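These numbers were taken from a predicted model, which means no experiment stands behind them. We're numbering straight along the sequence, starting at 1.
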Amino acid sequence: MSAETLLTGRLVDFTANPFEVPRADAVTVEDHGGLLLRDGHIAARGTADDLARAHPQARRIDYGAGLILPGFVDAHVHYPQTGIIASWGKRLIDWLNTYTFPEEARFSDPAHAKEIANRYLDLTLAHGTTTVASYCTIHPGSVDAIMTAAQARGQRIVAGKTCMDRNAPDDLRDTAQSAYDDSAALLARWHGVDRLSYAITPRFSPTSSPEQLEAMGALWAAHPDCLMQTHLSEQLDEIEWVRGLFPSARDYLDTYEAHGLLGRNGLYGHAIHLEPRERDRLREVGAALVHCPTSNTFIGSGLFDMAGLMAAGHRIGLATDTGGGSSFSMLRTMAAAYEVGQLTGTALHPAELLWLATAGSAQALGMGDLIGTLAVGSEADVTVLDLASTPAIAQRADRAEDLWEAVFPTLMMGDDRAIRDVWVAGRRVA
Ligand code: GUN
Ligand code: ZN
């Protein structure tokens with residue numbers, strides 16, 4: 001019989017979206033709960049006592065008051081920007097030209113790509129994030145580096161070669177044809193291997209010619225089960241630029257739609273300044289929007305309309321957008337989502353924030369039955385939170401009268417010190 005591990009503590013996960021159904025019907029809380037991990041999956045779930053009786057041979061790890069959650073899922077990151085996170089003073093286009101592109105050019109060196117890929121995954125695991133959807137650089141080796149690093153850790157990951165054939169430095173441009181060929185080769189090499197998924201990745205309309213967008217659309221049509229990730233309507237200057245580059249497009253989304261790059265497996269990062277037609281089309285096709293709140297405040301992009309978009313029935317995930325985002329932590333990201341919510345007139349409930357960082361992002365990636373949940377049969381990616389990780393948090397949590405009041409100080413003030421343990425495919429990693 002294969003080794004079994006029994007985790008006991010306070011289980012929290014979701015059976016439905018708490019933005020859509022009453023909270024009590026969406027959340028499952030088991031105060032003295034147990035999770036049995038076997039063969040990389042969650043094999044059983046119940047009360048700690050029942051599971052301990054039924055599986056006396058399992059190695060037991062008791063987290064007491066610790067919160068046992070699905071591992072966090074970060075639905076939009078740029079792992080190559082790890083080294084330039086927290087760079088001062090620029091807005092999107094200047095930030096890309098000043099900080100991002102010079103750093104991404106360094107990924108022509110496979111040794112640099114390998115070093116940053118491993119550093120990035122170590123950092124994110126230490127922050128409780130077990131799956132990310134990452135942009136790479138134009139260099140195929142940057143995809144090999146993150147896929148190899150994730151594979152070695154047993155992680156589920158989504159990644160793709162970032163395609164750009166204009167409005168980028170000479171050493172960061174591919175062509176429509178080479179982007180197609182390189183992406184197709186990487187997809188064949190990595191997609192569906194172990195827990196790895198390839199995402200077709202045109203960076204955004206300003207850095208792709210219509211021919212390149214067309215080529216990416218053709219590749220997606222040939223592999224419709226793949227995710228396609230890109231950026232949409234992040235800053236007003238960017239939208240103006242897109243208008244000038246694509247004079248016949250109805251709006252920014254139309255630059256994707258006209259080239260076969262709008263679909264349910266599309267992930268559209270930021271999606272802040274949307275026109276009514278864009279909102280309608282994104283909802284009609286069931287595309288996923290990805291909210292990146294620390295990035296949106298850090299680069300000064302604007303305020304995502306979480307309440308309005310959720311009420312309209314959009315699929316939405318949550319992300320750090322490292323390194324435009326100012327943190328590797330989904331806890332810091334939940335705090336920023338709360339603050340952006342307040343600035344738009346809605347106080348997001350801690351259950352809604354936790355849903356976004358787990359099941360919501362997993363569903364945005366089309367992986368809601370695999371990760372982002374503690375359901376029996378799902379993959380055993382688990383993050384355990386300490387709800388009293390600093391004196392400031394502990395003294396506030398001490399006064400809590402219910403679970404959510406105990407959780408909220410950690411969402412607002414927590415960081416990697418709040419991550420007590422992390423399990424990936426049933427193995428403890430951090
Ligand atoms: N738009 C196009 N590329 C990027 C990027 O790397 N970061 C952010 N935040 N927005 C982008
Ligand atoms: Zn981004």
Side-chain angles (χ1 to χ4, degrees), residues 1-15 26-74 121-122 124-131 153-156 195 329-331 334 350-351 354-355 357-359 361-362 367-389 393 397 403-404 406-407 410-411 414-430:
M1 176 184 272
S2 61
E4 294 181 333
T5 306
L6 175 58
L7 310 184
T8 56
R10 218 169 185 193
L11 306 186
V12 177
D13 74 342
F14 300 90
T15 52
V27 188
T28 312
V29 179
E30 182 83 54
D31 270 339
H32 301 285
L35 271 191
L36 189 76
L37 314 186
R38 185 201 302 140
D39 294 335
H41 288 75
I42 295 174
R45 166 187 180 148
T47 68
D49 289 347
D50 285 352
L51 284 187
R53 255 195 306 275
H55 302 276
Q57 76 294 352
R59 176 174 65 129
R60 180 166 177 178
I61 298 173
D62 183 25
Y63 291 114
L67 211 64
I68 300 178
L69 295 169
F72 296 139
V73 179
D74 189 340
L121 290 182
D122 287 346
T124 45
L125 283 171
H127 286 86
T129 299
T130 48
T131 289
R153 290 164 177 75
Q155 281 186 257
R156 182 165 286 288
R195 303 181 74 197
S329 165
M330 290 301 282
L331 293 172
M334 287 183 256
L354 275 180
W355 179 85
T358 56
S361 281
M367 297 174 173
D369 53 346
L370 300 174
I371 56 174
T373 167
L374 302 178
V376 171
S378 63
E379 297 173 348
D381 293 349
V382 175
T383 286
V384 184
L385 287 187
D386 172 2
L387 298 184
S389 61
I393 294 172
L403 170 69
W404 300 118
V407 168
T410 290
L411 301 191
D415 54 27
D416 50 336
R417 290 168 291 179
I419 307 301
R420 188 150 157 206
D421 253 343
V422 182
W423 296 78
V424 168
R427 280 196 320 117
R428 180 155 42 184
V429 295

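One finds no salt bridge joining Glu30 and Arg45 here, because no Lys/Arg side-chain nitrogen approaches an Asp/Glu carboxylate oxygen to under 4.0 Å.
Residues Val407 and Leu387 meet the side-chain proximity criterion, which asks for heavy atoms closer than 4.5 Å. Contact of the Leu331 side chain with the Met334 side chain is registered, since non-hydrogen atoms from C-beta on lie closer than 4.5 Å. Between Leu403 and Leu67, some side-chain heavy-atom pair lies under the 4.5 Å cut-off. The closest side-chain heavy-atom distance from Asp13 to Thr358 is not below 4.5 Å. With a 4.5 Å cut-off on side-chain heavy atoms, Arg153 and Val429 do not count as touching. Within the 4.5 Å cutoff, the side chain of Arg195 has heavy atoms near those of the Ile371 side chain. Trp423 places a side-chain heavy atom less than 4.5 Å from the side chain of Ile61. Side-chain contact check for Asp49 versus His32: every heavy-atom pair is 4.5 Å or farther apart.
The nearest pair of heavy atoms linking Leu69 to Val12 is CD2-O, 3.5 Å. Across all their heavy atoms, His41 and Gly377 have their closest contact at CD2-O, 3.3 Å. Contact between Ala362 and Gly372 at its shortest, heavy atoms only, is CB-CA, 4.0 Å. Pairing each heavy atom of His55 with each of Ala44, the nearest pair is NE2-CB, 4.4 Å. Tyr63 and Arg428 get closest at one heavy-atom pair: OH-NH1, 4.0 Å. Closest approach of Ala406 to Ala397, counting heavy atoms only: O-CB, 4.0 Å.
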Stepwise side chain to side chain contact (heavy atoms under 4.5 Å, CB included) check, Thr383 with Ile419: CA-CA 7 Å; Thr383 286; Ile419 307 301; 4.2 Å; yes
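Distance check, rounded to the nearest 0.5 Å: CH2 of Trp404 to CG of Leu354 gives 5.5 Å. One finds the CG atom of Leu51 at 6.5 Å from the CG atom of Leu36 (value rounded to the nearest 0.5 Å). Interatomic distance, CG of Leu374 versus CZ of Phe14, reported as 10.0 Å (0.5 Å rounding). Atom-to-atom distance recorded for Leu37:CG and Glu379:CD is 12.5 Å, nearest 0.5 angstrom. In this structure, the separation between CE on Met367 and CZ on Arg156 is 5.5 Å, given to the nearest 0.5 Å. Interatomic distance, Thr8 OG1 to Asp62 CG, rounded to the nearest 0.5 Å: 3.5 Å.
Checking Asp386 against Ser389 by side-chain atom types alone, no donor-acceptor pair falls below 3.5 Å.
Side-chain atoms of Gln155 come within 3.5 Å of backbone N or O of Thr130 as a donor-acceptor pair. Between the side chain of Asp381 and the backbone N or O of Ala425 there is at least one donor-acceptor pair closer than 3.5 Å.
Under the side chain to side chain contact (heavy atoms under 4.5 Å, CB included) rule, Thr124 has a single partner from Thr129, Thr131, Val422, which is Thr129.
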